[in-house]
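One structure is given below, encoded as structure tokens.
In this chain, residues are counted from 1 in sequence order.
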Amino acid sequence: MQGHRVLWVPGCDHAGIATQTVVERRLWREQAKRRQDFTREEFLQEVWKWKNEKGDEIYHQLRKLGASLDWSRACFTMDPDFSRAVTVAFVRLCDSGLIYRSEGLVNWSCALESAISDIEVDSKELPGQTMLSVPGYENKVEFGTMFSFAYPIEGHNVEVEVSTTRPETMLGDVAVAVHPDDPRYQAVHGKQCRHPFNNRLLPIITDPVVDMKLGTGAVKVTPAHDHTDFLLSQRHSLPRLTVIGGDGTMTPSCGQWLEGVKRFDARHLVVDALVEKNLFRGKKSHATTLPVCSRSGDIIEPLLKKQWFVHCEEMAKKAIQAVEDGQLEIIPHYYTKTWKNWLSNISDWCISRQLWWGHQIPAYQVELPNSTDKQEEQWVWGESEGEARQRAAVKYGVKPEAITLTQDPDVLDTWFSSGLFPFAMLGWPEQTPDLQQFYPNSILETGSDLIFFWVARMIMLGTELIGQLPFKQVLFHSLVRDKYGRKMSKSLGNVIDPLDVIQGVSLKRLQEKVKEGNLDPREQLVAMEAQRKDFPEGIPECGTDALRFALCLHKMQGEDINLSVSQVLSYRHFCNKMWQSLRFTLGVLGKHTTPVEKLEETTRLSSMDRWICSRLYSTVLRCEQAFELYELHAVTAALYSFWVHNLCDVYMEHVKPVLVQEDEGAVVARSVLYHCVSVSLALLSPFMPFITEELWQRLQPFSPEPAAQSSLCLQPYPRSSQLVHWHFPEEEKDFLLVQEVIRVARSLRSQCGMTKEKPVIWAVCTPSQAKVLLHFGSAVWTLSRISSLQIYCPDTVDPLLSAHSASPPKGSLVGLVDHTCQLHLHVQSGMNVDNQILQLCKRRDKIIPKLDEILYRVGSPDYLTKVPAHIRQQMDNKVSALQQELKTIKDQLKVLHDTQTTQ
């Protein structure tokens, strides 16, 4: 609409872990089969089958939401072209030394039987002993407990007591560590402990990393299952014994009594065995931080694995520099600190995943002629097995046909594939016209929770592989939560499908969808109960436009969005208001043959025409300014306010009697009304594309000139420069007083129980206020529903105002507009005096404490020295206004009491 060439590409990643988990649960539920019961190819066929059934659901939601994407370019990370881009990226990064293979401790999810990256690990803070549900366990498991047990020191009749939160890993202990300066253990430095279960000797080592105040000050060292212990093993050349397998059960090295036992069940067996050997020394509650897999909810098990890693340090420095140099702008700007802090402390990225669904790593283990099992692993990589074979032949100096290659069964982290999206979607590694025209992209808009998962990876990979940043700006939107502020979760039953809000859905169907999902029976019950509580009647049909508008009305940059269906429903009512407004406008235009004037020719304006036209100009200007800052909430708020509060509530109500007259004023008013509605529809089009298109098409037969395009979404977007001849700032400023007068006049009528009567009202005001009220006189009469407005300016010398000046009758009911303007309505018989007295007393009781509070602050000793002059002036004005209102209430109560007496 603004004339820019725009490309918005729809795309989906393959969501490796999430998709494989869903399919595995489905196969178990429907066929009672596990993944291992299938060959890899058979299982992948099942995944593709599920993807073809469910994979387009997001696209369907986007279409229903009216997203203007280029569907002809839709891409999926597992598409052949995209898969080739992933392979090329891996090979090039291996060639440059940025990807390497190494043995190290990885974050392992036993539920997924796969490694996950550091940022996929959530930290759960426990204040102490806590029972938690863990996948694969029927009963809750105890965490937040510190266990203590003793290791006998070999050759001495003494022991060293160690503390741990994980006694089940003690089978993998290879040492006991103490702080070198801890006086309690000076005598045992260099001695050895005897392991009570496997009879190994464990050296007592010293290291300053040990916290003397934690537990007993002596810690067991289990390098294969703890990150800190792993570093200790590197410094002290300690062995690393793996005692927990990838499936979360104890390994054969633990002995027959523990082999195959689940790790947290083994905890009880180990403690019981220590008690039996008289080595257990007790347990106590202990605050701790528990690493939890964000994908499965499983407790992370650090495991020693050989994996593929990406060197991140240098790429991270470039990403930090790009922001500091202004090449990359992050909005809101406060995320730049988060960006720098995380990238400054980044660790290498483990990109291996022990899954079947995803991009299988294009690396091959090499087996040479006459090789033995004990040789070091030898690896090559290539865009195909043939290329890898040629590389191996060159690397090892043997014939290609003599080499046996075995491709790594692991797949790449989904975020590695997704990180290539800005250029892979445009055809990279080929130099396509799309790549040349649209790379780098201009802006990435995404959720703030993806700053590290996705955004940082795109920046690093784009800079490294293309040599350019993938985009110039990153705009983070807030997370959409439920109305209670909770993160949406299927297990909580608070996930809101946009299609259900758009089309409406019954509670019965909501519950059926929970049953069709992959929740276990216990989670299903929780989810369904939450649905019954939140949506007892289901979700009413709200429509696309109402949902889009409701979302955009929230502040996008900053606070999370607590989405309530009732909020969305209120904007469906706004849609109804738009329909009613258009029907009124079409009714006005359809009754007359006089054509609508062109926007630039509509100049002979009344005071109210000038006001609404100036409000339209100000609204367009506000939209321009807010769009520049990506403040969509400010744009939508301005548009809603103009349509409802200015156009409908004020101008349309005022103009109804004007349009009855067949004069020049009516002709101009019709043109003004047409252009206000037409321009407003164009302004609203990006937010509410469906209803605005429908209404605009209905308005087109009355257009003073043919439309440039057949659709509203192709029309030029309104610009303030087109409406600058309609800018009347004084009219807008003056009308604020008029609106307050109308509000107070309506309040007085209501207090007197007047529904149909149109009384006379007196305004006691200053000369400048009187001129404003005379200027907008017809609007005051029409919108206040009064027969006339008598103006009284005490002590005025202006002959024009004197002609209109008439003091209000005594015994009138008084309404306060501000401290210089009052409205007077003569009290008539039939008015509910008792009710009016009650209302005034309530108002007085609210004002008195408010005034006392301000006077107390103003009277403080350091008020004059500490409070700025402009704030003191504001406070003085408040005091004056409240004191004036109290005086008015007192006078009114006297009038009403007198009226009671006479009645």
*asked:* Pair Trp339, Phe452 - check ring-ring contact (aromatic ring centres under 6.0 Å, His included), show working.
replied: CA-CA 8 Å; Trp339 179 263; Phe452 307 129; 7.4 Å; no

*Report the C-alpha separation of Asp734 and Trp611 in whole Å, then their side-chain angles, then the decisive distance to 0.1 Å, and conclude whether the side-chain hydrogen bond (donor to acceptor under 3.5 Å, both in side chains) test is met.*
CA-CA 9 Å; Asp734 290 345; Trp611 172 75; over 6 Å; no

*asked:* Before you tell me yes or no, could you show the steps for Ile346 and Leu343 under side-chain contact (heavy atoms from CB on, under 4.5 Å), namely the whole-Å CA-CA distance, both residues' side-chain angles and the distance that decides it to 0.1 Å?
replied: CA-CA 5 Å; Ile346 196 171; Leu343 288 172; 4.0 Å; yes

*Going through the checks in order, is the side-chain hydrogen bond (donor to acceptor under 3.5 Å, both in side chains) test met by Ser83 and His359?*
CA-CA 7 Å; Ser83 296; His359 294 112; 3.2 Å; yes

*Take Trp643 and Val677 through the side-chain contact (heavy atoms from CB on, under 4.5 Å) test and state the conclusion after the steps.*
CA-CA 8 Å; Trp643 190 290; Val677 173; 4.1 Å; yes

*Would you please test Leu616 and Ser680 for side-chain contact (heavy atoms from CB on, under 4.5 Å) and show each step?*
CA-CA 8 Å; Leu616 181 61; Ser680 296; 4.1 Å; yes

*Can Glu120 and Ser117 be said to form a side-chain hydrogen bond (donor to acceptor under 3.5 Å, both in side chains), step by step?*
CA-CA 5 Å; Glu120 291 171 309; Ser117 65; 3.1 Å; yes

_Would Tyr630 and Glu445 count as a side-chain hydrogen bond (donor to acceptor under 3.5 Å, both in side chains) here? Give the steps._
CA-CA 10 Å; Tyr630 301 120; Glu445 192 279 337; over 6 Å; no

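Closest non-hydrogen pair, His14 versus Thr19, comes out as O-OG1, 2.9 Å. Minimum interatomic distance between Gly462 and Phe423 (heavy atoms only, all atoms of both residues): CA-CE2, 3.5 Å. Heavy atoms only, all atoms of each residue included: Met608 and Val650 are closest at CE-CG1, 3.6 Å. Of all the heavy atoms in Leu723 and Val620, the pair that sits closest is CD1-CG2, 3.6 Å. Across all non-hydrogen atoms, the minimal contact from Leu420 to Ala89 is CD1-CB, 3.7 Å.
With respect to the salt-bridge test (charged N to carboxylate O, under 4.0 angstrom), the residues Glu694 and Arg698 qualify. Residues Arg73 and Asp70 are paired through a salt bridge, judged by an N-O separation under 4.0 Å between the basic side chain and the carboxylate. Classification of Arg572 and Asp545 as a salt-bridged pair fails, no side-chain N sitting under 4.0 Å from a carboxylate O. Electrostatic pairing of Lys54 and Glu57 does not count as a salt bridge here, judged by no charged N lying under 4.0 Å from a carboxylate O. Ion pair Lys513/Asp497 flagged as a salt bridge, since at least one NZ, NE, NH1 or NH2 atom sits closer than 4.0 Å to an Asp/Glu carboxylate oxygen. Ion pairing of Glu430 with Arg84 is present here, as a side-chain N (NZ or NE/NH1/NH2) and a carboxylate O approach within less than 4.0 Å. Asp649 and Lys577 are joined by a salt bridge, as a carboxylate oxygen and a charged side-chain nitrogen come within less than 4.0 angstrom of each other. One finds no salt bridge joining Arg92 and Glu464 here, because no Lys/Arg side-chain nitrogen approaches an Asp/Glu carboxylate oxygen to under 4.0 Å.
Taking the six-membered ring where the residue is Trp, Phe82 and Phe421 present tilted rings, their angle falling between 30° and 60°. Relative orientation of the Trp415 and Phe453 rings is tilted, given thresholds of 30° and 60° on the angle between their planes.
Between the side chain of Tyr439 and the backbone N or O of Gln468 there is at least one donor-acceptor pair closer than 3.5 Å. Remark: the backbone N or O of Phe728 is paired with a side-chain donor or acceptor of Ser614 at under 3.5 angstrom. Judged by distance alone, with hydrogens and angles left aside, the side-chain atoms of Asp482 form a donor-acceptor pair with the main-chain N or O of Gly485 at under 3.5 Å. At least one donor-acceptor pair under 3.5 Å links the side chain of Thr636 to the backbone N or O of Cys552. With Glu693 contributing its side chain and Leu712 its backbone, the two residues share a donor-acceptor pair below 3.5 Å.
You'll find the side chain of Phe535 reaches within 4.5 Å of the side chain of Leu510, heavy atoms only.
A search for salt bridge (charged side-chain N to carboxylate O under 4.0 Å, His left out) contacts involving Asp13 returns nothing, not counting sequence neighbours. Glu329 is linked by a salt bridge (charged side-chain N to carboxylate O under 4.0 Å, His left out) to nothing, counting only residues two or more places apart in sequence or in another chain. Not counting sequence neighbours, Asp118 has no partner by the salt bridge (charged side-chain N to carboxylate O under 4.0 Å, His left out) test.
Under the 6.0 Å distance and 45° angle rule, Arg610 does not count as a cation-pi partner of Trp726. By the 6.0 Å and 45° rule, Lys340 does not stack over the aromatic ring of Tyr335.
Taking the six-membered ring wherever Trp is involved, the centroid distance between the rings of Tyr640 and Phe574 falls below 6.0 Å.
The environment of CD1 in Ile58 is sparse: at most 12 heavy-atom neighbours from other residues, nucleotides or ligands sit within 6.0 Å. Within a 6.0 Å radius of CD in Glu628, no more than 12 heavy atoms belonging to other residues, nucleotides or ligands are found.
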